[in-house]
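See structure below.
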Amino acid sequence: MHSDPRACAHNPSDALATRAEAAGLFEYWDEHWRRFGFGYYVVRRLARAGPLGFCGVKFMTFRERRILNLFYRLDPAAWGDGIAGEAAEAVVGWTTRHLPGYPVVARVRPENVASQRVAVRAGLVRAEALDGRGLDGFDRIYLTSW
Ligand SMILES: CC(C)(COP(=O)(O)OP(=O)(O)OC[C@H]1O[C@@H](n2cnc3c(N)ncnc32)[C@H](O)[C@@H]1OP(=O)(O)O)[C@@H](O)C(=O)NCCC(=O)NCCS
C-alpha cells in the first residue's frame, strides 16, 4: 500500500520503495504502540482476512503543541465504500474517551478531497488559521479542538 503510487499521490514523502523501508516504518509505528499503548491500527473487515489499510492516531508536535496526528491510508481496491470514514470516526471516538486533553489533527493537501471528507466525517473541523507548509507542500488543517 505504501508503495502504490495511487495511495501516495498526495503524500509522496510517505512512499516506500523497498522492503527495508517498510520494516523501518513498521518499527517506527510499533515503537509508538510499545510506549503509549495506541497508534496506527490495521483496518480490516470482521468477516474477512487481510488488511484493507491503516487508520489511527500518533503523538506528534504541531505548532509547538502535542497533538494526536490522525492518519489513514487504504488499499485503492477498498476506496469508495465508506471504510475510511467509518475507521476514522471510530478512532476519533476512542480519543475523545481515552485522550480527551489532546487535539486530533489531520493535515491534508488541498487536492485530496476524499481525505478532507473523511476528516469531516470523523468530526474534525477546518482550522484555516493553522494551514501552512507541510512535508509535501501546503496543508489544510482539520482538528477537533485547539
Ligand atoms: C483518503 C482515503 C483514505 C479515503 O478512503 P475511502 O474509503 O475511499 O473513503 P470513504 O469511502 O469513506 O469516502 C470519504 C468521502 O470522500 C468522498 N470521495 C472519495 N473519493 C473521492 C474523490 N476522488 N474526490 C472527491 N471525493 C471523494 C466520498 O464520496 C466520501 O464523501 P462523503 O463523506 O461526503 O460521503 C483514500 O482515498 C486513501 O487511502 N487515499 C490515499 C492516502 C491518503 O491520501 N491519506 C490521507 C492523507 S492526509
Side-chain angles (χ1 to χ4, degrees), residues 1-33 36 38-97 99 102-146:
M1 254 165 257
H2 299 292
S3 63
D4 185 322
R6 292 169 297 172
C8 300
H10 300 289
N11 303 91
S13 66
D14 286 350
L16 304 178
T18 66
R19 206 171 171 78
E21 284 177 7
L25 182 66
F26 172 79
E27 266 306 307
Y28 180 58
W29 287 6
D30 197 46
E31 163 67 15
H32 190 283
W33 271 100
F36 302 110
F38 68 91
Y40 295 162
Y41 295 86
V42 166
V43 177
R44 55 182 284 267
R45 287 188 195 276
L46 279 180
R48 272 194 234 158
L52 299 176
F54 307 91
C55 180
V57 284
K58 252 180 1 81
F59 280 128
M60 71 171 267
T61 302
F62 174 74
R63 305 270 189 267
E64 294 169 12
R65 285 186 65 174
R66 193 167 221 219
I67 59 110
L68 292 164
N69 183 62
L70 178 62
F71 170 79
Y72 30 82
R73 172 166 294 130
L74 299 190
D75 183 338
W79 290 0
D81 279 345
I83 294 169
E86 187 180 337
E89 228 180 336
V91 164
V92 173
W94 183 89
T95 65
T96 306
R97 292 190 299 279
L99 298 163
Y102 298 99
V104 178
V105 176
R107 299 164 297 138
V108 189
R109 308 274 292 121
E111 306 77 22
N112 198 350
V113 179
S115 178
Q116 291 168 39
R117 297 294 312 150
V118 170
V120 168
R121 174 159 170 205
L124 278 59
V125 293
R126 184 78 199 287
E128 248 177 280
L130 296 172
D131 287 357
R133 188 147 191 88
L135 278 177
D136 291 299
F138 188 80
D139 282 335
R140 287 189 181 171
I141 302 304
Y142 291 77
L143 47 71
T144 48
S145 60
W146 192 247

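We're numbering straight along the sequence, starting at 1. Start at 1 and go down the list; that is how both ligands and their atoms are numbered.
- Nearest non-hydrogen protein atom to atom 11 (O) of ligand 1 is Gly82 N, 2.7 Å.
- Of the candidates His2, Arg117, Glu111, Arg117 brings a heavy atom nearest to atom 17 (C) of ligand 1.
- Polar contact with ligand 1: absent for His10 (N/O pair, distance under 3.5 Å).
- Summary of contacts: the protein heavy atom closest to atom 37 (O) of ligand 1 is Trp79 CE2, 3.5 Å.
- The closest donor-acceptor contact from the side chain of Arg109 to the backbone of Phe138 lies under 3.5 Å.
- Of the protein's non-hydrogen atoms, the one nearest atom 39 (O) of ligand 1 is Leu74 N, 2.8 Å.
- Note on Arg107 versus Asp131: no salt bridge recorded, every NZ/NE/NH1/NH2 to OD/OE distance being 4.0 Å or above.
- Residue Ala7 approaches ligand 1 through these ligand atoms, each under 4.0 Å from one of its heavy atoms: 41 (C), 42 (C).
- Numbered from 1 in the order shown, with element, the atoms of ligand 1 that lie under 4.0 Å from a heavy atom of Gly85 read 12 (O).
- Annotation: atom 44 (O) of ligand 1 to nearest protein heavy atom, Asn112 ND2, 2.7 Å.
- The protein heavy-atom contact nearest to atom 22 (C) of ligand 1 is Ala114 CB, 4.3 Å.
- For atom 29 (O) of ligand 1, the protein comes within 4.0 Å by no heavy atom at all.
- At least one heavy atom of Arg107 sits less than 4.0 Å from an atom of ligand 1.
- Of all atoms in ligand 1, numbered sequentially from 1 with element shown, those under 4.0 Å from a heavy atom of Gly80 are 6 (P), 7 (O), 8 (O), 11 (O).
- Put simply, NE2 on His10 and OG on Ser115 are 8.0 Å apart, with the number rounded to the nearest 0.5 Å.
- Using a 4.0 Å heavy-atom cutoff, Arg121 is absent from the residues neighbouring ligand 1.
- The environment of CD in Gln116 is crowded: more than 12 heavy-atom neighbours from other residues, nucleotides or ligands sit within 6.0 Å.
- With Tyr40 as the aromatic partner, Lys58 meets the cation-pi criteria of under 6.0 angstrom to the ring centre and within 45 degrees of the ring axis.
- At the top of the distance list for atom 47 (C) of ligand 1, counting protein heavy atoms only, stands Asn11 OD1, 3.5 Å.
- A cation-pi arrangement is found for Arg66 relative to Phe59, the charged atom lying closer than 6.0 Å to the ring centre and inside a 45° cone about the ring normal.
- Applying the 4.0 Å criterion to heavy atoms of Asp81 picks out, from ligand 1, the atoms 11 (O).
- Side-chain N or O atoms of Glu21 include one that pairs as donor or acceptor with a backbone N or O of Ala17 at under 3.5 Å.
- A donor-acceptor pair is defined here as one N or O able to donate and one able to accept, closer than 3.5 Å; such a pair exists between the side chain of Thr144 and the backbone of Val104.
- When distances from atom 33 (O) of ligand 1 to the protein are checked, a heavy atom turns up under 4.0 Å.
- You'll find the side chain of Trp146 reaches within 4.5 Å of the side chain of Ile67, heavy atoms only.
- For the pair Val43 and Pro51, the minimum side-chain heavy-atom distance is 4.5 Å or more.
- Per-residue contacts place Val113 under 4.0 angstrom from the following atoms of ligand 1 (heavy atoms of the residue considered): 25 (C), 26 (N).
- Distances below 4.0 Å separate heavy atoms of Tyr72 from the following atoms of ligand 1: 3 (C), 42 (C), 43 (C), 45 (N), 46 (C).
- Taking the six-membered ring where tryptophan is involved, the planes of Phe38 and Trp94 are tilted, since the angle between them lies from 30° to 60°.
- In this structure, Arg6 is not positioned above the aromatic face of Trp79 in the sense of NZ or CZ being under 6.0 Å from the six-membered ring centre and within 45° of the axis.
- Within a 6.0 Å sphere centred on OH of Tyr28, heavy atoms belonging to other residues, nucleotides or ligands number 12 at most.
- In this structure, the protein non-hydrogen atom closest to atom 48 (S) of ligand 1 is Ser115 OG, 3.3 Å.
- Atoms of ligand 1 found under 4.0 Å from any heavy atom of Val118, numbered from 1 in the order shown, are 4 (C), 9 (O), 14 (C).
- Close approach of ligand 1 to Ala84 (heavy-atom distance below 4.0 Å) involves ligand atoms 3 (C), 4 (C), 5 (O), 6 (P), 7 (O), 9 (O), 12 (O).
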